[in-house]
Amino acid sequence: MIKRIYSSAANMFPRVCVVGSGPAGFYAAMHLSKHLTNINIDIFEKLPVPFGLVRFGVAPDHPEVKNVINQFTKVANKPNVNFYGNITLGKDISLLQLRQHYDAVLLTYGAEEDKTLGIDNEDANNIVAARNFVGWYNGHPRDTDLKVDLSVSTAAILGQGNVALDVARILMTPVDVLRKTDITEHALTALAESKVNELYLVGRRGPLQVAFTIKELREQIKLPNCVTVWRIEDFAGVEDAVATLNRPRKRLTELMLKSVNETSKCREAKDKYFKPIFFRSPSKFLKNNSNNVSGIELICNKVVGDNLEHQKCVATDVKEVIECGLVFRSIGYKSVKVDKDIVFDSNAFVANDKGRVIENNAPQDLARLYVSGWLGTGPVGVILHTMSNAFLVAKAICEDFKDFKNPPKGGFEEVKKILSNHQIVDWEGWEKIDKYEIAQGKKVGKPREKVCNIRKMLEIAS
Ligand code: FAD
Ligand code: NAP
């Protein structure tokens, strides 16, 4: 399909290249294509398939969140927007090359690693990064072969954010509910045989500082056959603080208090036990002779500071051990420096001013550099936040290019020469993969059965 209408080399319109096809990339392309009439936008994506964490992060039992894909598809179908998958910045093409052949380069490649704790025995078997577990149940090619042993009865999740609750819910949801989602077949098979029936959710601070939100907590505490067991002593003083909290935090805290009250009276035996615990920082992992994790040593904390939501934790002398055969580390994501010319600031993301990358000696003959999404804001925020940031950055690009009169650059025509022996997956190629996945899913009553292997994706797309 040839759809580019602005491809004449004589035209003076900015050629913008977006690296990454998650929400930041697509929302920026949406804003740019709407507000700059003469513009050409090429979206480069490392994987053969688009949508970033919307496809590989959002939980399979939250299909409504994935509806943003319909908006992104409309953007990709615009005549002056192109998708080029299976191109990795820093491997197949360098930032310098992109800056030579485009007028603006917008980096939106997200946060692809996870933070680590840096404590003893963190490399023991069955200590799994939540990021990889999420990728495993969502079909990320990187995580298809993840080693996770669900034959143990007790597991723990470290961290109390929404990713931690996604992992908890997937582990504790009846597998017949998950069967109707687009969760991968390999995850379904393993979860159907899971023996995990006791799950800790460990936070270093208290109930007033949890990072998860009310909708996700409500879903978790309402799971059938699973009882939430709180430690009442963790809630000392919480009721008195409720009136001082901002509205979302107040409602969340009230829900926790209600659940503490209800579940402390529950005497009914359940299949599964979900156990949030607070004021505990992992100090060491314990392991057995086979190098499998067998427990976590926790340091008990107290919190200090006047601003309740921002209180800091301080270690005490008290330690505690929880025995468990599986641990998920869910303490946040981090961005990676994929190219030598990308400069990170001390906060581990690319320093910028409204998306304009701060460069000491920006070369005049190269494309201007911008950043948006988690790479520019840090790895927090839901899709709505990422969208606002992408619109803000796209607005800055529109301002910078409103009187554009530079001589034309080669854009994708030049990139194609650099990648002459490389298979590129365009939007049509993705549509073939999409159709294939939906057809495979139909056979087993799922919305789609994801292809989890890059070789197979390329085969279908070609
Ligand atoms: P990403 O979505 O990560 O997109 C980055 C893209 O860049 C990816 O496609 C990646 O493959 C590509 N890329 C990476 N490296 C390269 C490279 N070198 N070259 C080319 N391309 C590259 N928000 C909600 O609103 N609701 C939810 O239910 C929800 N669930 C979430 C679940 C999880 C597990 C996580 C981690 C986040 C969730 N979020 C949710 C938050 C939401 O996903 C983010 O706000 C959003 O995806 C960030 O967008 P982004 O474009 O910055 O990054
Ligand atoms: P997050 O919200 O930042 O939560 C990270 C958790 O890890 C916090 O509880 C944090 O505690 C803890 N933590 C960090 N460092 C730690 C350490 N060294 N030791 C112990 N605990 C540590 O990150 P996330 O869960 O990865 O989520 C990322 C973003 O995606 C969030 O904005 C989230 O809302 C969003 N998301 C949304 C959904 C959804 O809408 N359903 C689903 C998934 C993700 P402290 O607070 O003490 O630092």
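Read the numbers this way: they start at 1 and go in the same order the structure lists the ligands and their atoms. As the structure is a prediction and not an experimental result, all values here were calculated from the model.
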TODO: Pull out every atom of ligand 2 sitting under 4.0 Å from any heavy atom of W374, numbered as shown with elements.
DONE: 28 (C), 29 (C), 30 (O)
Task: ligand 1 N/O within reach of L47 N/O, cut-off under 3.5 Å - done: no
Open item on the list: Which option wins on minimum heavy-atom distance to atom 49 (O) of ligand 1: S21, P23, A164?
Closed with: P23
Open item on the list: Can you see whether D123 engages N121 through a side-chain donor-acceptor pair at a distance of less than 3.5 angstrom?
Closed with: no
Task: Close approach, V380 and ligand 2, non-hydrogen under 4.0 angstrom - done: yes
- [ ] Report the nearest protein non-hydrogen atom to atom 17 (C) of ligand 2: residue, atom name, distance rounded to 0.1 Å.
- [x] R204 NH1, 3.4 Å
Open item on the list: So, regarding Y333 and ligand 2 (criterion: nitrogen or oxygen to nitrogen or oxygen, under 3.5 Å), is there a contact or not?
Closed with: no
- [ ] Kindly determine whether F26 and F51 satisfy ring pair (Phe, Tyr, Trp, His ring centres under 6.0 Å), including the steps that lead there.
- [x] CA-CA 8 Å; F26 267 108; F51 310 136; 5.7 Å; yes
Open item on the list: Which option wins on minimum heavy-atom distance to atom 27 (O) of ligand 2: D114, V163, V202?
Closed with: V163
- [ ] May I ask you to check if ligand 1 and Y333 share an N or O to N or O distance below 3.5 Å?
- [x] no
TODO: Could you tell me whether some N/O pair between H62 and ligand 2 is separated by less than 3.5 angstrom?
DONE: no
TODO: Would you check the N or O atoms of E45, main chain and side chain alike, for any that come under 3.5 Å of an N or O of ligand 1?
DONE: yes
- [ ] Could you say whether the N/O atoms of T88 and ligand 1 ever approach to under 3.5 Å?
- [x] no
Open item on the list: Pairs of nitrogen or oxygen atoms closer than 3.5 Å, one from G110 and one from ligand 1: do any exist?
Closed with: no
Open item on the list: Taking a cutoff of less than 4.0 Å between a non-hydrogen atom of the residue and any ligand atom, is S330 in contact with ligand 2?
Closed with: yes
Task: Among L366, L107, L89, D341, side-chain contact (heavy atoms from CB on, under 4.5 Å) partner for L98 - done: L89
- [ ] Could you list the atoms of ligand 1 found under 4.0 angstrom from a heavy atom of V19?
- [x] 19 (N), 20 (C)
Open item on the list: With nothing but distance in play, are any N or O atoms of K46 less than 3.5 Å from an N or O of ligand 1?
Closed with: yes
Task: F51, any N or O under 3.5 Å of ligand 1 N or O - done: no
- [ ] Apply ring-ring contact (aromatic ring centres under 6.0 Å, His included) to F391 and list each qualifying residue two or more places apart in sequence or on a separate chain.
- [x] Y27, H31
TODO: Decide whether N162 and T213 meet the rule of one side-chain donor and one side-chain acceptor closer than 3.5 Å.
DONE: yes
Open item on the list: Give me the residue, atom name and distance of the protein heavy atom closest to atom 19 (N) of ligand 1.
Closed with: L89 N, 3.0 Å
Could you go through residues 454-462 and list every donor-acceptor pair under 3.5 Å that involves a side-chain atom there, pairing it with any protein atom two or more places apart or in another chain?
{"residue": "K456", "atom": "NZ", "partner": "Y436", "partner atom": "OH", "Å": "3.2"}
{"residue": "S462", "atom": "OG", "partner": "E459", "partner atom": "O", "Å": "3.0"}

